[in-house]
Amino acid sequence: MTDEAPATTTKSMDDIMSLCKRRGFVYPASEIYGGINGFWDYGPLGAQLKKNLRDAWWTDVVMRGCNGKLGPDGKPVEIVPVDTCIIQNPKVWEASGHVAGFNDPMVDDKETKQRFRADHLFGMYLVRPEEGESVDQGVARLIKIINEQPFELPYGPNLSCVASNEEEAFGAFRAAMHRIKQDITRVPDAAVATSFTAETRKGEECFGVCYQVPMSFMKAHPTWIPSPFNKPDKAAALELDNRKSDSQLTEPRAFNLMFKTYIGATATEDDVAYLRPETAQGIFVNFKNVVDTTRVGVPFGIAQTGKSFRNEVTPRNFTFRSREFEQMEIEFFCHPDDAKDWYVFWRDWRMEWWQGLGLKGENLILREHDSDELAHYAKEGAGTSDIEYRFPFTAPGFGELEGIAHRTDFDLKQHEEHARAKLKYFDSTRGELAKNGQPKGEHYLPHVIEPSGGLDRGVLAILCEAYTVDESRPSPEFMKFHPRVAPIKAAVFPLVKKDGMPEKAQELHSELRQKFGHLGAIEYDEKQSIGKRYARMDEAGTPYCFTIDGDSLTDGTVTVRDRDTGEQQRMPMAGVAAFLGEKLGV
RNA sequence: GCGGGUGUAGCUCAGUGGUAGAGCGUCACGUUGCCAACGUGAAUGUCGUCGGUUCGAAUCCGAUCACCCGCUCCA
């Protein structure tokens with residue numbers, strides 16, 4: 001821990017949540033009915049804060065094309081927006097893998113509290129060779145037992161493990177055997193199986209199969225399967241032939257993370273549809289439309305913001321993991337050869353962008369994923385990075401704000417196959433040169449770099465970053481929002497409610513409101529003491545307060561108070577709009 | 001989904017079987033001369049919800065819901 005660390009770690013999430021409620025940033029959804037798990041509403045200040053963040057993204061990413069930063073090709077970055085439906089044809093989610101992935105039955109180990117995909121459970125089955133039996137015969141017998149055993153006979157695997165393929169599984173099992181002999185083979189006619197002969201640590205010869213545990217067996221006798229979290233080396237002396245364990249595994253259960261609904265009034269299983277679990281697919285399915293109907297050409301990006309829905313097992317940590325949340329996603333399409341460069345470009349620029357909104361210092365990090373945590377589609381890619389923020393509830397760890405992934409051509413390829421659509425892009429700037437000196441062009445499926453940010457998480461990070469406690473101030477608790485995202489941009493006060501000050505102040509208020517009302521609220525307040533009004537604005541995170549005092553009436557000047565320092569300076573009332581405009585960056 | 005904790009006014013909390021409370025905040029009126037000033041007054045609660053025990057429940061019991069923490073999960 002460095003010297004600066006305490007300033008961040010002393011922030012209490014409870015205090016932040018309490019301020020959010022008190023000042024109208026965030027409320028529990030349906031609170032008067034006792035709330036609803038995993039859903040949050042934004043109040044007046046929160047709604048504007050969220051809109052400001054969304055607008056900043058839209059402006060900087062889409063309209064200004066990465067704020068004018070040139071891409072790795074030395075050209076301006078081209079991005080166009082779309083706004084696609086929350087409900088799409090259910091086949092979209094079959095193609096994307098969400099229906100399968102989100103429907104995968106899961107098994108819990110009640111002992112170790114771990115959960116894993118049932119189809120990732122591999123078992124090592126051992127059998128004693130019978131008199132004169134060849135390896136093939138023995139293995140065939142074993143496979144038959146595994147698949148056709150009557151369930152009243154205990155015959156589970158000797159060991160199990162969680163793995164994505166049988167080689168990986170076999171690797172995990174090796175340690176349990178004394179010696180593996182050479183004849184390791186794929187079992188013919190079995191989708192996922194490896195057979196071998198071996199010698200156990202007791203010195204017994206045996207035939208073995210590394211086999212995906214059949215779903216029917218898991219359902220019938222989950223506790224006969226040894227837990228995959230038992231280390232193989234602890235199960236040193238394996239018993240051959242009939243055996244069963246006494247584990248605490250549950251039977252496979254489906255945890256569908258997609259919200260299901262029905263189209264039309266009849267609500268039969270034929271009418272099932274899903275609320276989108278990510279906005280990305282709406283972009284991919286419109287890739288061809290955008291290419292065909294606009295003049296964009298690869299490399300270019302398509303962006304959208306919008307709500308997504310995931311039926312999270314455990315919504316947690318305020319708005320951080322909600323069941324309904326808003327994403328800000330870009331799918332950037334480029335030639336496969338350029339993917340690496342664009343990946344680096346986006347990763348670095350997105351980090352800069354978040355830093356530019358006041359998320360700075362050691363609370364924000366860029367973390368490159370290790371290869372073992374990459375999503376299936378990203379294994380072949382240039383990489384995946386997270387931009388992560390140190391929230392009070394994750395400290396000293398970090399929580400993801402945005403992920404930048406090289407998704408390769410996975411999504412377009414999936415949609416090409418499932419929709420039987422031609423999504424290849426014809427790039428007339430590539431290919432060999434023809435006789436006339438023009439490139440012949442090249443057909444290819446573009447690769448995708450996906451910077452996918454969480455809007456609600458961004459808002460939460462900004463709230464946490466802005467929350468400041470300084471006991472030396474009259475208002476010790478205040479929100480240090482970057483002026484660009486602050487929900488209230490400025491406030492205008494008469495110093496006291498008499499001598500024509502309110503009228504003068506209202507005049508200024510109305511001018512500023514006309515000029516800056518599209519960016520956020522401009523407040524007017526004449527109630528109670530000036531100190532209390534400053535304090536109220538500090539809590540709402542208003543960066544500037546303009547006060548009309550006695551001098552304003554005679555020489556036309558006002559004072560401006562800076563939220564962060566409390567310092568004041570005088571300026572002509574006529575110059576206020578220009579001053580504020582400059583501070584707000586417009 | 002599992003284990004632990006919490007739930008009383010907008011916020012922070014006191015109240016452990018006998019009339020629902022405090023501070024702050026909010027609102028009104030007065031006062032005001034630059035940092036939560038002061039005076040007076042006011043509003044705000046099915047004590048998370050439902051059920052049970054009891055003459056009587058915020059308080060005891062059960063269930064349920066929500067939030068927090070630790071697991072788990074997290075394309």
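First the proteins, then the strands, lettered A, B, ... as listed; each starts at 1.
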Does [X] reach a base, just sugar-phosphate, or nothing at all? Heavy atoms under 4.0 Å.
| X | result |
| --- | --- |
| A/Asn37 | sugar-phosphate |
| A/Gln568 | base |
| A/Phe493 | nothing |
| A/Met501 | base |
| A/Lys21 | sugar-phosphate |
| A/Lys527 | sugar-phosphate |
| A/Asn317 | sugar-phosphate |
| A/Gly38 | sugar-phosphate |

Please enumerate all residues that pass salt bridge (Lys or Arg N to Asp or Glu O under 4.0 Å) together with A/Glu329, with sequence neighbours excluded.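 For A/Glu329 there are no salt bridge (Lys or Arg N to Asp or Glu O under 4.0 Å) partners, ignoring immediate neighbours.
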
Salt-bridge criterion met for [X] and [Y] (N-O under 4.0 Å):
| X | Y | result |
| --- | --- | --- |
| A/Asp562 | A/Lys583 | no |
| A/Arg561 | A/Asp538 | yes |
| A/Glu477 | A/Arg23 | no |

Tell me which nucleotide among B/G33, B/C68, B/C35 gets nearest to the side chain of A/Tyr534.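 Closest nucleotide to the A/Tyr534 side chain: B/C35.
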
When the [atom1] atoms of [N] and [M] are considered, how many whole Å apart are they?
| N | M | atom1 | value |
| --- | --- | --- | --- |
| B/G4 | B/G62 | P | 13 Å |
| B/C38 | B/A20 | C1' | 29 Å |
| B/G7 | B/C13 | C1' | 12 Å |

Residue mapping more 5' on RNA chain B - nearest nucleotide basis, A/Arg561 or A/Lys497: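 The 5'-side residue here is A/Lys497.
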
If you pin A/Asp538 and A/Pro315 to their nearest nucleotides in RNA chain B, which one's is more 5'?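 The answer here is A/Asp538.
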
With A/Tyr544 as reference, evaluate A/Phe579, A/Phe481, A/Phe493 under the ring pair (Phe, Tyr, Trp, His ring centres under 6.0 Å) test and give the passing residue.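 Of the listed residues A/Phe579, A/Phe481, A/Phe493, the ring pair (Phe, Tyr, Trp, His ring centres under 6.0 Å) partner of A/Tyr544 is A/Phe579.
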
Can you check nucleotides 36-40 of chain B for protein contacts, nitrogen or oxygen pairs under 3.5 Å, and list what you find?
| unit_1 | atom_1 | unit_2 | atom_2 | d |
| --- | --- | --- | --- | --- |
| B/A36 | N7 | A/Pro474 | O | 3.3 |
| B/A36 | N6 | A/Glu539 | OE2 | 3.4 |
| B/A37 | OP2 | A/Ser529 | OG | 2.5 |

With heavy-atom distances below 4.5 Å as the criterion, would you say the side chains of A/Phe345 and A/Ile449 are in contact?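 The answer is no, as the side chains (C-beta and beyond) never meet within the 4.5 Å cut-off.
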
Report yes if the side chains of A/Asp386 and A/Phe398 come closer than 4.5 Å at any heavy-atom pair, otherwise no.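 In short, these two side chains do not touch, never coming nearer than 4.5 Å.
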
Decide yes or no, distance alone: a donor-acceptor N/O pair under 3.5 angstrom between the base of B/C35 and the side-chain of A/Arg473.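 Flag unset: no donor-acceptor pair detected.
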
